[in-house]
Amino acid sequence: MQDYLKGLNEQQMAAAMHMKGPLMIVAGAGSGKTKVLTTRIAYLLANGVDAFNILALTFTNKAAAEMKERITKMLGNNEARNLYIGTFHSVFARILRGEAHRIGYPNSFTIYDGDDSRSVIKTVINELNLDDKHYKPNVVQSRISQAKNALVGPAEYAMDSAIQQEDMRSNRPAIAQIYQAYAARCFKNGAMDFDDLLLKMHDLLKNFPEVLHRFQHKFKYIMIDEYQDTNPVQYEITKLLAAANENICVVGDDAQSIYSFRGATIENILQFQKDYDDVKVIKLEQNYRSTKSILHVANEVIKNNKGQIPKDLWTENDGGDKIRLVRTMTDNEEGRFVADTIQEQKLRYHYYNRDFAILYRTNAQSRAFEESLRRMGIAYKIYGGLSFYQRKEIKDMIAYLRVTANTRDEEALKRIINYPVRGIGKTTIERAVIVANEQQITLWEVLNRAAEFGYKAGTLEAIQNFVTMIRYFQSMLADKNAYDVAVQVGKHTNLVKELFSDKTTEGLARYENVQELLNSIKEWTESPSNDDGEVGDKTLGVYLQQITLLTDADNEKEDADVVKLMTIHAAKGLEFPVVFVGGVEESIFPSGMSINTREELEEERRLFYVAVTRAKHKLWLSYANARYRFGNLVQNEPSRFLDEMPEEYIDKSYAGGGARNQGGMSNQGSAFERMHRGFGNDAAAAERMYGPPPSKKKETAKPTYLPVQPPASKVVEHKPSADFIPSDTSNLQAGQKVEHQKFGFGEVVKMEGSSHNPIATVLFKTNGEKKIMLNYAKLRIVE
DNA sequence: GTTAGTGACGTTTTT
DNA sequence: CGTCACTAAC
């Protein structure tokens with residue numbers, strides 16, 4: 001037997017060695033699902049299946065990357081590179097990149113993220129003279145998204161009586177009209193939103209039999225991870241692809257279905273068994289992750305949901321500690337408790353930062369934890385929330401690149417046409433948009449032919465200068481890579497210069513972010529393959545399509561020793577030795593938005609199940625009597641889910657002895673308890689007993705915490721010398737002394753980067769080491 | 001055409 | 001509390 005099959009249990013082995021025909025693996029939390037999937041792929045390869053014929057679809061880039069990595073390790077060669085492993089969205093984007101012309105899109109179509117699409121919806125609402133107070137872009141967006149995920153196009157939407165009744169009931173009869181206009185506008189812009197990547201893929205397979213045939217032939221073996229999270233479009237696409245060979249293997253756990261708001265339906269699991277004649281079903285019920293306490297609590301809580309697929313999840317692991325229940329007065333106190341406990345656990349049991357995760361229901365809850373961790377000097381990283389690519393300065397820069405790659409992209413064009421300010425104001429743009437709509441041409445074309453539309457001389461000149469500049473960028477597309485184009489854009493738009501001359505701390509941070517963007521483009525350009533494994537094309541168009549599908553969890557450095565903070569949704573599929581779940585309160589968890597129907601509540605319960613089953617050894621659940629919301633204090637009851645947990649596995653000694661608080665009147669008692677239990681001093685006590693934690697022992701040059709943005713206040717302001725004149729730095733060498741307008745005096749440590757984009761690493765006397773891009777920064781050579 | 005200041009409004013979860 | 005959109009004055 002091959003090495004890689006060793007160590008699998010009976011069910012895992014059966015699943016991994018299943019070669020032909022439809023297979024459904026019902027995999028409980030922590031039952032070795034990824035191991036089975038990867039082993040199965042290795043097994044297929046070992047038994048003569050060509051890597052080029054295997055498609056594996058996941059929901060996150062991270063899951064895809066992990067699979068690929070594990071398979072590479074198992075095989076000990078590079079065969080994994082030929083596998084088609086990726087998220088639904090990135091795999092379909094890649095296919096559409098080659099086929100988009102068939103459905104009227106440019107192959108370098110733009111991908112709109114949620115913000116982009118909301119902004120287009122807003123534009124459309126306004127153009128239809130509807131009130132965006134009533135037609136809230138968020139609401140409209142989610143209606144449209146639901147429709148797309150259910151394979152309902154604009155025409156079907158308008159004809160469907162159930163949908164129309166629903167919209168009438170909420171007094172928003174014009175959503176059908178908005179949907180229609182939105183779809184038309186995206187098409188005109190040569191852009192697809194996230195849902196379109198699925199929908200257009202489906203259209204493509206449905207309407208072009210030769211394409212369908214080609215991919216059916218290519219993907220002879222299909223695997224789908226997290227099957228319980230697929231929506232109807234995804235279901236239909238995979239059904240189409242699998243129809244010829246029926247070698248389709250799906251893995252899922254109905255108890256972990258938490259994306260119904262995105263159109264996912266557990267129905268797909270049930271339907272799967274009906275769609276194929278001889279579906280083999282294998283259940284993985286042994287949990288290898290958690291202690292008995294944790295697993296029992298999870299099992300007991302999920303039992304309150306109706307109609308789960310019968311499963312008996314068990315473990316041979318130790319009983320482990322009881323689950324600790326913690327009550328605090330406020331959210332800030334909750335944050336302090338968690339930070340303090342992490343410190344204490346580190347000292348007492350020698351955990352690393354990376355062993356801890358703090359999970360919560362909503363992103364807004366991260367702040368209290370963040371502040372406390374920062375105060376304690378514990379390294380952490382927040383996942384989700386505002387991603388790097390959502391920052392304004394990054395979006396601006398990317399908008400330029402987008403316009404360059406696809407001039408039909410009106411959203412991007414409007415964003416940058418007058419930024420930095422170049423005298424093309426609101427009225428000018430409005431007029432151009434009207435002309436574009438009237439003449440059925442793109443905004444870009446209007447600008448190109450601006451002379452025909454009677455603009456004032458000054459305005460006309462401004463427009464023409466802008467057009468000339470973008471055209472110059474475009475002229476580079478054919479024979480320059482993404483990075484070279486981006487550098488030119490940075491130079492000629494004054495964007496970088498403008499940020500550089502902004503001397504505020506925020507301005508500096510923005511400037512550094514843009515530099516970081518340029519660096520990452522460079523890195524991407526120089527790496528042999530793209531993130532989804534595709535080898536080759538380093539053009540701007542490919543780059544742009546790819547980054548839109550990237551989340552900041554994907555750029556993670558695995559080995560970073562940091563406490564991880566994220567929503568429970570983001571934590572799915574991950575595991576941590578020690579887990580804290582915060583805000584286990586009514587109206588937060590379960591969310592106040594999801595307690596009106598049984599279905600909603602059950603999804604919240606599954607989410608709770610996911611949260612609990614992330615923990616391997618230890619689990620803390622905390623709730624606050626009151627927390628800040630919109631700036632004022634509101635009170636919450638402890639979550640109903642706490643009542644569903646079996647008493648014998650719960651340690652309530654941190655919850656004032658009982659799971660229920662005393663209706664908010666117990667402020668005195670709680671504060672009193674707190675002082676006498678003194679949990680605020682546990683870490684201090686532990687430090688006296690066990691000595692300082694590893695991070696405190698060796699005082700390294702690196703800070704003990706790694707915030708997402710370095711605290712900008714740390715820059716010691718420097719007044720440039722009176723005779724500060726930027727030197728010619730084209731021949732700068734390591735060892736030379738220089739002066740920077742902001743960072744002060746320092747010595748060049750290292751020179752890197754290409755000749756047209758040199759980067760100097762400078763060690764400043766007052767501000768430490770900085771990477772300086774010489775194309776943008778001004779340095780005076782001192783000696 | 002640009003900018004600064006004020007008021008209304010919002011928080012579920014994500015590729 | 002913080003962001004964003006709209007209004008009033010340069």
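These numbers come from a predicted model, not from an experiment. Letters go in sequence order (proteins before strands), and every chain restarts at 1.
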- Message: Give me each pair satisfying salt bridge (charged side-chain N to carboxylate O under 4.0 Å, His left out) with a member in residues 248-263 of chain A, each pair once, sequence neighbours excluded.
- Response: Asp253(A)-Lys311(A), Asp254(A)-Lys311(A)

- Message: Thr230(A): which residues meet the side-chain hydrogen bond (donor to acceptor under 3.5 Å, both in side chains) condition with it, sequence neighbours left out?
- Response: Asn268(A)

- Item | Residues forming a side-chain hydrogen bond (donor to acceptor under 3.5 Å, both in side chains) with Gln308(A), sequence neighbours excluded | none

Which part of the nucleic acid does [X] contact within heavy-atom distance under 4.0 Å: base, sugar-phosphate only, or nothing?
X	answer
Asn363(A)	sugar-phosphate
Lys136(A)	sugar-phosphate
Asn138(A)	sugar-phosphate
Tyr259(A)	sugar-phosphate
Phe194(A)	base

Restricting to salt bridge (charged side-chain N to carboxylate O under 4.0 Å, His left out), what partner residues turn up for [X], sequence neighbours left out?
X	result
Arg605(A)	Glu644(A)
Arg627(A)	Glu334(A), Glu585(A)
Glu166(A)	Arg169(A)

- Lys/Arg cation over aromatic Tyr383(A): Lys381(A), 6.0 Å, 45° cone: yes

Using atom types as modelled, flag every donor-acceptor pair under 3.5 Å from a side chain in residues 411-419 of chain A to any protein atom, sequence neighbours excluded.
from	atom 1	to	atom 2	distance (Å)
Glu411(A)	OE1	Ser119(A)	OG	2.4
Arg415(A)	NE	Asp396(A)	OD1	2.7
Arg415(A)	NH2	Asp396(A)	OD1	3.2
Asn418(A)	OD1	Arg422(A)	N	2.8
Asn418(A)	OD1	Gly423(A)	N	3.2
Asn418(A)	OD1	Ile424(A)	N	3.2
Asn418(A)	ND2	Ile424(A)	O	3.2

- Message: Please compare Glu604(A) and Thr428(A) by the position of their nearest nucleotide in DNA chain B and report the one closer to 5'.
- Response: Thr428(A)

- Item | Nearest-nucleotide comparison on DNA chain B, the residue closer to the 5′ end among Glu600(A) and Thr459(A) | Thr459(A)

- Note on the structure: In numerical order, the residues of residues 409-425 of chain A whose heavy atoms come under 4.0 Å of DNA chain B are Asn418(A), Val421(A), Gly423(A), Gly425(A)

- Note on the structure: Under a 4.0 Å heavy-atom criterion, DNA chain B is touched by chain A from dG1(B) to dT15(B)

- Between protein and nucleotides 2-10 of chain C, map the contacts as a letter string: B base, S sugar-phosphate only, - none, heavy atoms under 4.0 Å, written 5' to 3'. ---S-----

- Task: Give a yes or no on whether a salt bridge exists between Lys395(A) and Asp113(A), defined as a side-chain N under 4.0 angstrom from a carboxylate O.
- Result: yes

- Here the ring pair (Phe, Tyr, Trp, His ring centres under 6.0 Å) pairs for residues 591-612 of chain A, sequence neighbours left out, are Phe589(A)-Phe608(A), Phe608(A)-Phe641(A)

- Who passes ring-ring contact (aromatic ring centres under 6.0 Å, His included) against Tyr455(A), sequence neighbours left out? none

- Query: Rounding to the closest angstrom, what is the interatomic distance between dT13(B) and dC4(C) at atom P?
  - Reply: 16 Å

